[in-house]
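Below is the structure I would like to discuss, written out as structure tokens.
What you are looking at is a predicted structure, and each value in this text was computed from that prediction instead of being measured. Letters A, B, ... are given to chains in the order of the sequence lines, protein chains preceding strands, and every chain is numbered from 1.
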Amino acid sequence: MNLWRPIAVRGIRILAPALLLLAVPTAHAVPSYARQTGMACEACHTVFPELTHFGRMFKASGYVLDNLKQVKGVTPQREEILSLAGLPPLSLMVMASYTQLATPLPDSSGKGESQNGTVGFPQQVSLFYAGKIAPHLGAFLQLTYDSASGTIGIDNTDIRFADMTILPGDQSLIYGLSLNNNPTVQDLWNSTPAFGFPYALSASAPGIPYAAQIDGPRAQDVAGLTAYAFWNESLYGEVGVYRSAKQGVGPGPLDSTTPGGVIDGAAPYWRIAYEHNWDRHSIEAGLYGATFKMFPDFGAGYGQPLAGPSDRYQDVAEDLQYQFLADQHLFSLAATRIHESQTLNATFAAGKSSNLDNDLTTTRAYATYYYRRTVGGTAGFFTTTGSTDVLFLGNTSGAPDTRGWIAELNYLPWLNTKFSLQYTAYNKYSGLSDNYDGMGRNAKDNNTLYVLAWLSY
Amino acid sequence: MRIGRMTGPALVLALCASVAMADQTDEIAHATARRLAVGVCGTCHGTHGVSELPKFPRLAGQNANYLAVQLKAFRSQTRGDPDAISYMWGMAGNLEDSTIDALAQYYSAQAAGGGRAGDPALIARGKTIYQQGLESVGVPACAACHGPDAHGMGDFPRLAGQHSQYVLKQLSSFQSNMRNVAVMHGVAQGLKREEMSAVAAFLEAQP
């Protein structure tokens with residue numbers, strides 16, 4: 001799941017503070033890949049979950065590089081019809097956390113304040129099937145128990161077919177298909193939303209209240225089929241489509257009672273990126289985007305038939321990643337700017353937005369340093385700005401503007417265990433610095449101290 | 001063994017079939033090796049074995065026997081320098097002998113990457129050590145085994161054009177015996193860090 005998940009509630013007219021507590025961040029480090037390849041985490045990760053160039057190639061190649069003894073089946077023509085690892089590629093991830101807010105949130109019944117200092121034990125536990133399925137087919141499949149909801153559900157999933165052909169001049173062309181449930185979860189760089197920093201956030205602190213559709217709201221809410229090609233380990237291109245695939249809404253067809261907005265038809269997704277590696281450096285620059293036509297969700301009792309006008313969200317984003325990887329010192333930068341143009345045909349016609357056209361822009365940039373992959377940290381900023389629309393956003397200011405910074409210190413006694421101390425500070429929240437909720441709560445009241453133990457094994 | 005009238009032609013046929021099968025196996029191994037070299041090994045070592053990343057050694061033009069021995073040492077987990085453990089133990093864990101031999105031949109047949117300029121003073125110091133050794137501390141001339149041009153001799157590996165960072169790490173691993181090679185442990189024992197750096201810089205500069 002994605003850190004920006006709380007924003008999935010956009011489209012609901014009233015953003016109750018309680019809804020902002022839906023943040024369920026996740027990140028991913030999967031020791032079953034290490035077991036499968038026989039290689040240490042450092043081959044694929046700077047520090048998990050950030051990928052190295054080799055890690056990106058492993059992912060692009062379908063998670064199938066396998067150095068374990070295989071159960072095999074071959075035809076008399078030597079065609080491989082089965083290649084299965086002797087042991088299933090399973091991993092477990094446990095996150096335990098403590099969250100302290102600068103000012104406690106109001107009690108949801110209005111009887112004062114809620115308790116501050118929230119313990120998540122576990123915050124979440126994930127079971128992964130992450131590894132090869134067949135010679136050209138592999139999976140990243142995550143099942144998560146989320147303590148906030150008390151349920152086990154499907155989390156980030158990427159099942160992919162990949163193959164390679166050798167072009168003249170011995171240049172490689174990797175090509176494949178990804179079946180996934182979160183736009184950008186299949187991406188190879190850590191500058192795009194699904195695997196971007198912060199990799200973990202508190203589940204009990206207010207999150208960023210508004211985000212573009214590609215930036216979290218559709219995570220685990222869609223099924224996407226994308227086709228990609230990676231030429232010479234440099235030039236990457238991908239196109240695909242996403243369609244709503246709701247979880248927990250029953251087996252029947254989606255209809256006007258479906259919560260959270262439904263995609264009208266299929267949403268096209270595209271991605272282009274160029275990566276260059278030299279000496280100890282790696283740099284990537286790219287563009288990505290998607291256009292979602294959404295039937296809006298006006299909240300319980302306000303369902304609309306899934307036909308007729310829909311809102312159009314066109315997301316176009318740039319991203320940049322730089323990595324310096326040496327044995328002692330590791331440094332990386334990742335940044336993205338996502339611009340969303342909204343044409344609210346359905347919402348405006350229903351009188352639930354002030355404007356027909358809105359826009360939303362999010363920019364994030366982070367710098368990370370590690371010493372010997374053991375001690376390090378990340379610092380960066382985030383900002384979201386956009387059109388003022390009181391009816392649509394349902395907040396006091398009518399503006400989505402939220403900005404702040406985040407800093408994190410990490411200690412990894414072993415490569416698969418991370419202990420983090422993270423602080424998030426807000427200068428502006430939901431359009432205002434002071435009294436953003438009309439009840440006297442200020443942006444800085446949401447400043448969050450988050451302590452996390454994150455174990456993957 | 002006496003070959004009977006009837007068994008002679010049969011044996012010839014069998015031999016031909018066996019040669020044809022060996023050729024086929026060889027062809028498959030070479031195709032597998034090329035695919036591995038371009039699609040897997042090349043990510044770190046460069047498509048043609050001319051790695052641009054100093055952490056990963058250049059393999060182009062390397063002695064094939066040396067490469068095969070190293071791959072087998074990775075596979076049997078007997079080569080124990082840190083990057084060998086983290087990367088190559090897994091990577092070579094499932095390689096068959098025929099693939100190892102084909103990979104070794106593939107890289108051996110590639111054109112070496114050439115030398116790269118470095119600090120002239122360091123290179124000059126390294127050249128002296130490489131060619132003459134350090135008699136006072138019992139370090140023999142490297143050239144005696146690795147050749148005057150550092151292109152390798154017999155089963156001794158080519159060092160010319162190798163990344164200095166890689167050479168330095170290997171010398172340190174020989175010294176600490178993490179990479180357990182008796183001859184090189186003896187050679188490296190007397191070397192100070194700056195002397196290793198000098199030899200590494202000299203080797204990186206060699207064509």
Practice task
Give, as side chain, backbone, both or neither, the part of A/Thr37 having an atom under 4.5 angstrom from any heavy atom of chain B.
Solution key: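 Interface part for A/Thr37: backbone (N, CA, C, O).
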Problem - Contact winner vs chain A - B/Met88, B/His163, B/Lys169, heavy-atom pairs under 4.5 Å - result: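 That would be B/Lys169.
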Exercise for the section: Validate the cation-pi geometry between B/Lys55 and B/Tyr166: distance from NZ or CZ to the six-membered ring centre under 6.0 Å, angle to the ring axis within 45°. Expected result: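 B/Lys55 over B/Tyr166 ring: no.
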Exercise for the section: Identify which part of A/Leu68 has an atom lying under 4.5 Å from any heavy atom of chain B, answering side chain, backbone, both or neither. Expected result: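 Just its backbone gets close to chain B.
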Exercise for the section: Quick one: closest heavy-atom pair of B/Ala201 and B/Ser164, and the distance? Expected result: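 Looks like N-CB, 4.1 Å.
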Problem - Toward chain B, the part of A/Met164 with a non-hydrogen atom under 4.5 Å - result: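 It is both, since atoms from each part get that close.
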Practice task
Check whether B/Thr47 gets within reach of chain A through its side chain, its backbone, both or neither, counting any heavy atom under 4.5 Å.
Solution key: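 Contact with chain A involves the side chain of B/Thr47 alone.
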Problem - Heavy-atom contact with chain B under 4.5 Å, split by part of A/Glu42 - result: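 Backbone plus side chain of A/Glu42, per the 4.5 Å heavy-atom cut-off to chain B.
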Practice task
Please flag which part of A/Asp327 lies under 4.5 Å from any non-hydrogen atom of chain B: side chain, backbone, both or neither.
Solution key: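 It is the side chain, since no backbone atom gets that close.
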Practice task
Taking all heavy atoms of A/Leu65 and all of B/Met91, pick out the closest pair and write down the distance.
Solution key: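 What the structure gives for the nearest pair is CD2-CE, 3.9 Å.
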Problem - Beyond-backbone contact of B/Tyr87 with B/Phe56, side-chain heavy atoms, under 4.5 angstrom - result: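 In short, these two side chains touch, coming nearer than 4.5 Å.
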Problem - Heavy-atom closest contact (B/Ala92 atom, B/Phe74 atom, distance) - result: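 The answer is CB-CB, 3.7 Å.
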